[in-house]
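Worksheet for the structure shown next.
Below, read A as the first sequence line, B as the second, and so on, with proteins coming before strands; counting in each chain starts at 1.
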Amino acid sequence: MSLWVDKYRPRNLDDLHYHPELSSRLRSLAASGDFPHILFYGPSGAGKKTRIMCTLRELYGPGVEKLRIDQRVFVTPSNRKLDVNVVQSNYHIELTPSDVGMYDRVVIQDILKEIAQTQQVDLNAKQRFKVVIINEADALTRDAQAALRRTMEKYMNNMRLILCASSTSKIIAPIRSRCLLVRVAAPTTDEMSKVLHHVAKKERFSLPETAAQQIIDTSSGNLRKALLVFEAMKMQRPDLSGDIEVAKADWETYCGKVADLILQEQSAPKLLEVRGKLYELLSHCIPPTVILKTIAERIVDKVDDTLKPQIVHWAAYYELRMRMGSKKIFHLEAFVAKVMT
Amino acid sequence: MPVARDQKVGKAKSAPSRPAPSVGNGGPSRKLGSLSSFQATLNFSILPQKSSSASTSTPARPSSSNGGFTKRNLVDDAKLMPPPPPGIRPKPLPSVFKNSGKIAIKAEEEVVEVLDSDEEDSLPKNQQSSRRVSKDEAHGDQMWTELYAPTTEAELAPGKKRIERVRNWLHEALYGHPQGNVPLSGGQSQASKEKIRKYKRILLLTGPAGTGKTTTVRLLAHEMSLELAEWEEGQEERSIGSGIERESSMSKMSSFLSRHSYAPLNMSSQSSVSSSSQRTAPERPRVLLLTALPNTSHLPTREAFHAALLQFCKTFTSTSCPLIIVHSDAGSGGRAEESWMDRDRGGREGAVELLGKDVRDGPWCTEIDFIPLAPTFVIKALNRVLSIAVPNLSHRPPSSAIQLIALSCNGDLRSAINSLQLLCSDRSAVVGKKRKNRNDDDETSPSVRKSSGKGSRGGKGSKLNVSEDLRAVLDAVTRREQSLNLFHALGKVFYNKRLGDPGIDDDDQEAVKAVESLPSDELLPRHVRHYGRTKSMVQMEAFLPTIPVDASSFALWVHQSFPSFCTDIEQTSNYLDELCFADVLRTDDDIWQSSPQAIAYSLHLTVRGALMALPSPVPRNHQKILKPQFFAAFRAEKENQALLETAAGYLAKKAVASSVALSERGLRDDIDSEVPWGGVSSRYVLAAELLPMMVKLQGMTSRPLLPVAVRPLSLPPFFVDATCSEELVANDVPEEDDYESLAAGEDGLGTMPDGQGWDEEDAVAAEQEDMAWLNDDDIQDWD
């Protein structure tokens with residue numbers, strides 16, 4: 001059993017439901033034989049990875065879907081050993097170097113060198129180069145990006161890079177200029193509803209329009225989320241009719257309740273209670289910035305219009321602080337207290 | 001003046017020899033001794049000696065005879081002092097006699113005994129001195145903690161339950177059955193015993209320093225008449241002191257482990273027999289004790305250590321002996337010793353870090369956690385030590401002092417006893433200066449030594465200005481490194497005392513004076529007038545260095561309890577703002593930001609911000625100072641992150657397996673054939689989007705989507721609610737069943753060999769976890 005997200009993930013450029021012009025461009029790129037380095041960027045759940053895989057399939061054929069997983073060990077100059085999980089096929093290799101934090105440079109250098117120095121062995125391969133997919137490229141450290149820049153030029157012969165990032169702003173200019181930038185925008189409402197209906201059809205039931213609208217509203221352009229919510233709702237209430245509660249992730253509900261708690265009563269004991277909840281959220285690896293954002297949105301929904309700008313202001317203020325600081329709880333709580341005053 | 005001094009010395013030198021002419025060549029040495037005794041420092045070396053004698057003698061020594069000794073010794077002193085020539089008396093003496101005047105008078109009544117001790121004195125000098133040297137070596141730097149270590153189980157300070165657990169473990173590890181539970185006779189029980197022993201390989205005792213971990217082990221070993229083979233790091237290696245010798249000591253350690261995991265050859269036949277007839281076995285079973293651990297923060301060393309432990313666990317023979325590792329984790333108490341960085345790196349540098357995951361999670365290891373001792377236990381233990389060390393009631397420090405020590409030691413009995421020892425020796429230093437000239441006598445016989453110990457404390461009999469003395473001494477003794485107790489420090493911040501507050505008690509008078517002496521502030525301009533505060537009683541420059549934890553943990557402590565001291569939310573908000581600032585200043589990423597300056601700034605900001613924001617005076621309604629939740633949350637986060645990794649790995653494997661399946665199916669695009677699984681996704685997506693939904697779906701449909709192990713990742717219900725938790729449990733059971741069916745059934749084609757192997761692995765791992773608490777039946781099944 002797998003999730004609908006995975007089950008109905010398009011595997012071919014032709015199957016993609018939206019951004020047709022992008023698909024055709026990717027197709028012609030793949031056909032041209034002069035494939036550049038590409039940097040895919042766009043919001044989460046817009047379909048970057050899906051497009052990358054489709055492009056690879058276009059490049060190499062179905063063989064690229066035959067994956068294997070490897071655990072590589074890298075050794076830092078300080079003799080620390082890093083374990084990195086690497087997914088690869090005969091034609092490409094995919095890794096998330098930012099998982100290892102500040103040591104990502106080592107991983108980048110080693111992997112790229114290794115790939116670049118081995119020629120394509122498979123004579124039937126359609127392309128002479130291999131592709132390296134780097135996820136979360138915007139989370140790479142400066143060092144790693146600099147290392148990347150050098151290798152990008154050096155090993156152009158037998159290697160292409162596909163970077164995947166949510167925004168280009170954290171990627172250094174030299175890399176940006178060496179890549180073809182491909183923006184994968186979030187799907188519009190219509191496009192999303194098209195996808196939802198497509199999935200519903202494949203699952204052999206019909207999706208009421210109201211439910212579709214609700215799903216699209218909650219997922220705010222994130223198709224992955226939309227599909228997950230869709231599936232959860234379907235499981236909850238098979239007919240999907242009438243006034244149905246949109247399935248949300250637990251932590252979102254939780255954040256909502258925290259926000260209600262904040263609005264309920266403004267006092268120090270209440271703050272302590274909220275703190276407990278925040279700790280709970282943090283300890284479940286929900287990113288603090290996301291917590292802050294969710295709570296702030298919820299509060300903005302509920303408060304008076306005159307207060308809204310202030311709340312947004314403080315949310316932004318404390319999110320910046322949070323990114324600079326090290327103890328997230330201080331900033332989250334400071335925001336809560338600020339809202340309470 | 002120098003000339004006059006010389007004269008005095010000359011007199012003093014010649015003086016002592018006069019009353020004891022029989023001393024002969026022993027004379028000069030004693031003269032010197034009598035001189036040097038004027039320096040209080042020398043008293044320290046003596047103290048342990050006499051106390052060692054106390055330890056060798058039974059505690060139940062009648063106190064009356066002790067009193068006699070005391071007097072005699074004083075007489076000793078008096079006798080060694082010449083009848084002072086008028087005008088040139090050695091200076092310190094009068095004061096000594098003044099202090100202990102009462103006793104000195106009594107002493108003169110017992111001149112007879114003086115002769116006895118004198119005879120002892122008359123041993124040849126070299127003989128005496130040689131003896132003394134050996135004594136010094138034996139007892140010279142013994143601490144009370146060692147001398148008066150508990151001798152019976154009842155005297156042990158840790159809780160009975162823990163001791164019992166340790167004892168049971170030892171028993172099981174050695175004999176294969178819990179104590180008291182008489183083993184079944186017959187071959188079957190023999191086998192099962194072997195199995196129990198096989199899984200009782202390592203006992204890890206953790207807990208803060210000074211809670212009696214090692215003491216418990218030693219005592220139990222003694223009681224059960226075990227042989228403790230202790231690993232000690234060689235002294236000589238330390239002195240070589242470069243990077244390489246670390247490794248070598250590590251290799252020594254591992255060879256120690258492997259060497260000792262087998263009993264010596266000649267024993268082996270016996271010991272296998274003896275496991276059935278333990279009590280009568282002539283040789284003593286052996287237990288390895290590891291207290292000095294290698295430097296586990298050094299990665300290669302740690303890995304080698306882990307490997308050695310694992311090896312140790314795996315090589316089990318019927319004759320191999322169990323290992324006890326004693327590890328004091330300073331951090332778990334939230335105390336000062338552990339820095340922020342350490343916490344960051346390993347969470348609690350806990351059992352996993354120490355032993356390695358394989359060993360820790362394997363079935364071989366048992367962990368028993370000792371907690372800091374409650375003050376009542378410490379008081380009990382201190383009184384016990386005191387009753388042995390200082391048999392005379394009147395010479396003991398007052399019970400208030402003991403209580404103070406007990407409270408200030410943070411549950412660390414060792415430090416408490418050390419404080420006590422220091423306290424007692426300090427007293428003797430004040431009054432017992434003259435005692436020094438009997439150094440030689442001290443070693444001659446236990447009884448005399450004993451008495452000299454008396455003499456040292458003799459001065460205490462005079463209860464002159466005890467309170468002041470005591471206070472000064474306790475100040476020096478109990479405030480380790482001049483640091484305030486954490487709670488004291490926090491209280492200083494939270495109570496935010498300001499000049500002119502009502503209810504300032506006498507203790508604060510000094511501080512009040514100091515603050516009052518400061519120049520008065522100018523009135524603030526109007527636009528910042530609301531920042532005006534009366535002068536704070538917290539003297540920042542003096543206060544900051546005394547904070548016992550590092551800046552960032554102090555901030556956490558303050559943060560945790562702060563809101564309850566505020567009267568309204570605005571104050572809280574203001575303070576949290578300051579904390580934010582302090583936190584932004586002090587981040588680990590940047591070099592400047594983790595520099596001492598930045599830390600100092602942020603500490604200032606933390607404290608001053610708190611003082612600024614708090615109301616004045618702070619309402620006191622029994623607010624409690626709580627331990628920061630941060631540490632627990634942080635640990636949970638680390639654990640969950642590890643789980644996230646597991647989940648990611650699981651999903652990736654699924655993806656790989658399905659892709660393999662897909663390609664093997666002839667690469668058709670039919671949707672209804674094998675469906676691909678999601679590939680590698682980023683941690684954030686996983687945590688925030690995929691997992692919660694998957695958990696939800698799994699709950700609703702009882703479809704297995706995730707491995708069982710990651711279940712803790714799902715968020716608990718918002719308000720703890722019994723029905724919800726029950727629901728979780730209910731969903732649990734079908735989940736596991738489905739795993740089996742999934743692995744076996746759906747993938748009947750054999751296209752998912754990877755996944756299958758993995759699921760089973762999981763099951764085995766789960767089973768192994770159960771093993772840690774098993775009884776022997778389980779083991780048999782498993783094997």
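Atom NZ of Lys338(A) and atom OG of Ser573(B) lie 4.0 Å apart (nearest 0.5 Å). For the atom pair Glu333(A) CD and Tyr575(B) OH, the distance stands at 11.0 Å (nearest 0.5 Å). The distance from the OG1 atom of Thr572(B) to the CG atom of Leu272(A) is 8.5 Å, given to the nearest 0.5 Å.
Proximity to chain A is absent for every atom of Gln571(B), based on heavy atoms less than 4.5 angstrom apart. Interface remark: Phe335(A) contributes no atoms to any contact with chain B (heavy atom separation under 4.5 Å).
For Leu320(A), the side-chain contact (heavy atoms from CB on, under 4.5 Å) partners two or more places apart in sequence, or in a different chain, are Met324(A). In this view, His559(B) and Phe330(A) satisfy the ring pair (Phe, Tyr, Trp, His ring centres under 6.0 Å) rule, not counting sequence neighbours.
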- Step by step, work out the side chain to side chain contact (heavy atoms under 4.5 Å, CB included) result for Val336(A) and Leu576(B). CA-CA 10 Å; Val336(A) 171; Leu576(B) 283 168; over 6 Å; no

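Atom NZ of Lys293(A) sits in a sparse spot, with 12 or fewer heavy atoms from other residues, nucleotides or ligands closer than 6.0 Å.
With respect to chain B, the highest number of heavy-atom pairs below 4.5 Å among Met53(A), Arg275(A), Arg321(A) belongs to Arg275(A).
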